[in-house]
Structure formats: C-alpha cells, structure tokens
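Everything below concerns the one structure shown next.
Within every chain, numbering begins at 1; the chains are lettered A, B, ... in the order of the sequence lines, protein sequences first and strands thereafter. Both backbone and side-chain heavy atoms feed into the values below; hydrogens, waters and symmetry mates do not. Here the structure is a predicted model, which is why all the values come from computation and not from measurement.
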Amino acid sequence: MSDAIIRQLAERVPMGSRVLDLGCGDGALLAYLQQHRACTGYGVELNDANVLACVKRGVPVLQLNLDQGLSLFADQSFDVVLQIDTLQHLRNAETMLQETARVGRMGIVAFPNFAHWPNRLSILKGRMPVTRRLPYQWYDTPNIRVGTFDDFQVLARKNGLQVLEAFGLQDAHEVRWMPNWRAGTAVFKFKGAGA
Amino acid sequence: MSLIAIPRFMHFPDALPLQSGSSVRDYTLAYETYGELNADRSNAVLICHALNASHHVAGTYEGQAKSEGWWDNMIGPGKPVDTRRFFVIGVNNLGSCFGSTGPMHVNPDTGRVYGADFPVVTVEDWVHAQARLLDALGIEQLAAVMGGSLGGMQALSWTLQYPARVRHAVVVASAPNLTAENIAFNEVARRAIVTDPDFHGGHFYQHDVIPKRGLRIARMVGHITYLSDDVMNEKFGRELRSAVVDAQGQTTEVGEYRYSTQEVEFQIESYLRYQGDKFSEYFDANTYLLITRALDYFDPARQHQGDLSAALAKTQAKFLLVSFSTDWRFSPARSREMVKALLDNHREVSYAEIDAPHGHDAFLLDDPRYLELVRSYFGRIAQESHP
C-alpha cells in the first residue's frame, strides 16, 4: 500500500478511534493511525512475516485466521473496522462483512474493482486481467472473490448496511464520477443496520 | 559469548502467608541474575519457570560446559531476551527441589524434614514470594515478566496481583486454568507417586528410599503430553528397539517381535523409560505433587464466577501471548481465551500462533519465527521510555 493511499484511507478514520484492522499486513496503516490520528487498536493477520513486522513497528497484532470468524471481538467494540484489500481473500466474504458491521460502529472496506476499464478490456480480448493492481495469473491469484464497485453496493443493500461514503481510488486520487469504470480500487464506508 | 551463571540464595526470616491459610517462615529462595540493573532500575525482567525447571535459566556454570540453563536459547547476551540490555532474574519457586526451600528441607517449627507436611503452595503464593525477592533486590517495577506453561500462569498472575509492578507480560504456551483432561493427567502422575510403596506417605526421606517407580511413570505420562502425535511418529514411529544401524548408517530391522509383554520392544518405550529413569534420579516426589497441584488450582476467573474478562480487568500491563499449533496440553484455544479477555478490557495485546510440529515442548525449542518474535517484542520494550 502506498503512503498516499494510506493517507487517503486514514483521513476517513476519526481522530482517537479504536480501530480493528482485518488483514493488516505489515501494520503500516495502523502505525500511521497511531502516530498521526491518535488511534489505538489491533491488527489481525495470518502471515508469520507480517505478524513479525507489526511487532517490530509496535503495532498490536493478533495472529488469527479470518475465515474462522470474529468471535473474539464483542459487538460494537471498535469505532472503526478496516478491511483493506482483505475481502477478496476471504472464503466467507459476506459473513465477514456482517461481522465487520457487528464489531465496528463503522466499517471501511477497500478492494480491487474488477470492473475498472482495463480489466474489462482484457476480458473483452478474452483474457483475465493481469495489472499492477491485480498482478496475478488466474491460476495463482489469492483473490478468490472478484467483485466490482457496483457489486458491493448490491451486497451492502442485501445486508442492510448503510453506506456513508463510496468512491473509487485510482493512482491515489479519489474517483467520484463513474468509479465502477474509472477506479482500480473501490472504497466503502458504512455502518450496520443496528449501529 | 558465554555467560557464566552464579546461583545465589536469599533467606527470608518472616513468614509468608499462603493462600491455603498456612504459611512458611525462615525460607530460602535460590535465584540467578544476568546482565546489569540500570541506574533507574527499569530494565528488570523476571523469568518464571514451569514444572521441572529452576532458577538456572541461562548461561553455564563455571567449568561445567554442559550445564546450560533451561531457556539458554532465549536468554543471554545477543539472545531474544538480551542480557546486554536487560537485567534478567530467574528464581526457583518454593516447594521445588533445586535450591529453594522445599519438602526435603527441615521445617523450623518441628525440627524435622517437611516431607508431605510442606504446605500446599499456589501460583499466587509463588508470585508473592517472587515479589519479596524483587523488594530485596530493590526492583519496584519489572520491564517484563515472562514464562511458558506454568511459568506463563505466574506471568499472568503477576499482572493481577501486582498490576502496577509489571509493564509487559510475555505468556507463552499457557492457559488461564487447566482443563479437566489436564487435571486428569496430573492426577495419574500423582497416583503413580503416592501409590509407590517407597513413598511412605511422603516421608520417604527418613526411610532412606525414593519412590522412583512412581516418579518414572509420572514423567512418562507427562512426557507423552508434551509431544505431539506427529513428532512422536516422526521420531520413533513403530521402530523396534532391536533395529540396528549398519556401517552405512542404514537402519535395518534384524528384528522379529520378541513376543514379550514386559521387555522393551518399541523405541518409544525405550525413550520413555530412559526419560523416566533420568527424571527419577533428580526430581523430588513431593515437589512433583506440589507443583502439579499448583497447576490444578490456578484459576483467576474463579473469584469472578468463571468470568475471565472480569478477572483480567485488574491488569495494567501490555501483553504478548504465544501459542503453538500442535500443543494440545496448552492449546492455542486456551491462549485465545486470554486474548479475548484482554480485548474485552481494551488492554494492549499481541498474539502469535506459531505453526510448529513439536507440541507443548515447542516453547523451549529453536523455532526462528518464535525467537524472532520475542526478540522484536523485547526490542520494542528496550526502546520504550518509562516513568
């Protein structure tokens, strides 16, 4: 994740929030939130090297498999739950979305938008897209859930999520006009029906 | 760099009140320290030991090359808990048999050896005794308290009994209490000892015998539970003891079954008997009973109707918890219970689940992910500014 994208996402997190970052990677975003936005919280990560990187940075990290759910976390126990480039790796993506809304007063989800125009072009040519944003071949991609900006809106509605903000990110710029065509990354800020 | 360890002893004349209502007085604690206490006395790390270990945590004794401390891969100059930065203290618990006052010593009230009359000691009692040692060493607050297994229980208990005296707790392969299955294993071990005719109700010292048969079986049972099925199969499989290794290093089985019910037939039997024999030579039978009981009794949630989150509300420390995937005696699920209770209390906690094949024993072994993690965590502690 580039520093510019970290700043874009961090801006959406209110100052002083208690944050849960699902699939926190090396902890860069959480470290930024701790230092620049007075946030506290935890990362959740499965990968050994990432867990180590978080500990080295002083980011509290929990080594858990997200496919086993969020039963460790109480209802509405975080101000913000982040799922940055995580949703597309999860077998139970819909359940995790519901869990995000249960655990957090607010959720922020970012994932690669499969409907970004270069991807559409590639599919039109008959090949699965391989881009900077989606650098994998179809046979080795860890992205087991491929969805679009518009797909997420449908899923959010189905689950009764209230979308507070939705936009695309392309080259670290916000894309407000036709994000489903024009943005490589989809970003949604939402809260659950009960929140 | 080699570290020379020097065992020290501190005498405590005043009675230590115990959880049972009993007390011990005129007792001695054996301990070792490594590294230097800094000027503001803020770099002390206390290491708590598990069932059969001692105050000899790191280094070797002068002139005894093979006398490495039980956590020598973890603690020492340049090791994950770096004694060039931290002042590390290892202490032998009361009731043990490695130098601190225990059942083999004389009860000052009766002038006779304690034997079975040594009072039942708990994790909480040990922590109080350790705190008195720290008082005597002039250490008000620990940079960290660390332990594995039963040692992890002591580390956790420190954060409850003396919350302001602990900045970090590192709790490895531990649990907030023992499960029924775990107590059951302890009970098998205790029955093996107590029913040995040489036990004499715990007063075997005056009969000049040692209940070695009981100790051997206790150790054999324990040893099985510290390993994983996979690692045991990998190490021993169904290999027969009669198998021989030829000049090319190839293992060939000359062996036919002996068709004997009592001879050692399989390698695993031979290994367990060897471990049992070795253990029975140095471990005290009454100590084994005391320490397994301390394990059974530990249950900080008990005063809170089983609510661990309520129990851990007292903690102030930051935590690192580590578990090992194949540890079925202190399973990852037990560590996650502690993580959950700390999360409920908004405590700072990191948790790693190391995918290691070695079962409970993994906490003493050289897994680079595990050692690097602890090294990094202590690296952060060393950088922290503190009041």
- Between the main-chain N or O of B:V322 and the side-chain N or O of B:Y370, is there a donor-acceptor pair closer than 3.5 Å? no

- Message: With a strict 4.5 Å heavy-atom criterion, list every residue of residues 59-69 of chain A that contacts chain B, or say none.
- Response: A:V59, A:P60, A:V61, A:L62, A:Q63, A:L64

- Query: Parallel, tilted or perpendicular: which describes the rings of B:F86 and B:F378, with under 30° parallel and over 60° perpendicular?
  - Reply: perpendicular

- Message: Between B:D72 and B:K79, does any NZ, NE, NH1 or NH2 come within less than 4.0 Å of an OD or OE carboxylate oxygen?
- Response: yes

- When rounded to the nearest 0.5 Å, the distance separating CG of B:L142 from CG of B:L46 is 5.5 Å

- Message: Go through it in stages, so that I can follow the logic: the residues are A:S17 and A:R37, the test is side chain to side chain donor-acceptor pair (under 3.5 Å), and I'd like the CA-CA distance, side-chain angles, deciding distance and then a yes or no.
- Response: CA-CA 8 Å; A:S17 293; A:R37 298 193 70 82; over 6 Å; no

- Query: What part of A:R57 gets closer than 4.5 Å to chain B, counting heavy atoms only: side chain, backbone, both or neither?
  - Reply: backbone

- Message: We want to know whether B:T225 and B:H360 form a side-chain donor-acceptor pair, criterion being a heavy-atom distance below 3.5 angstrom.
- Response: no

- Which one, B:L373, B:L320, B:D355, leads in non-hydrogen pairs under 4.5 Å with chain A? B:L373

- Item | Electrostatic pair A:E174:A:R12 at N-O distance under 4.0 angstrom | yes

- Query: Is a donor on one side and an acceptor on the other found under 3.5 Å between the side chain of A:K189 and the backbone of A:M106?
  - Reply: no

- Task: Could you please state which residues from residues 325-349 of chain B sit under 4.5 angstrom from chain A, measuring non-hydrogen atom to non-hydrogen atom, sorted by number, or 'none'?
- Result: B:R336, B:V339, B:K340, B:L343, B:D344, B:H346, B:R347, B:E348, B:V349

- Calculate, to the nearest 0.5 Å, the distance between atoms OG and CD belonging to B:S149 and B:Q154 respectively. 9.5 Å

- Among A:R18, A:E45, A:K56, who wins on heavy-atom pairs under 4.5 Å with chain B? A:R18

- Message: Ignoring hydrogens and geometry beyond distance, is a side-chain donor-acceptor pair present between B:R167 and B:Q141 at under 3.5 Å?
- Response: yes

- Relative to chain B, which segment of A:S71 carries a heavy atom at a distance below 4.5 Å: side chain, backbone, both, or neither? backbone

- Task: Quick one: sort the A:F152 and A:F111 rings into parallel, tilted or perpendicular, breaks at 30° and 60°.
- Result: tilted

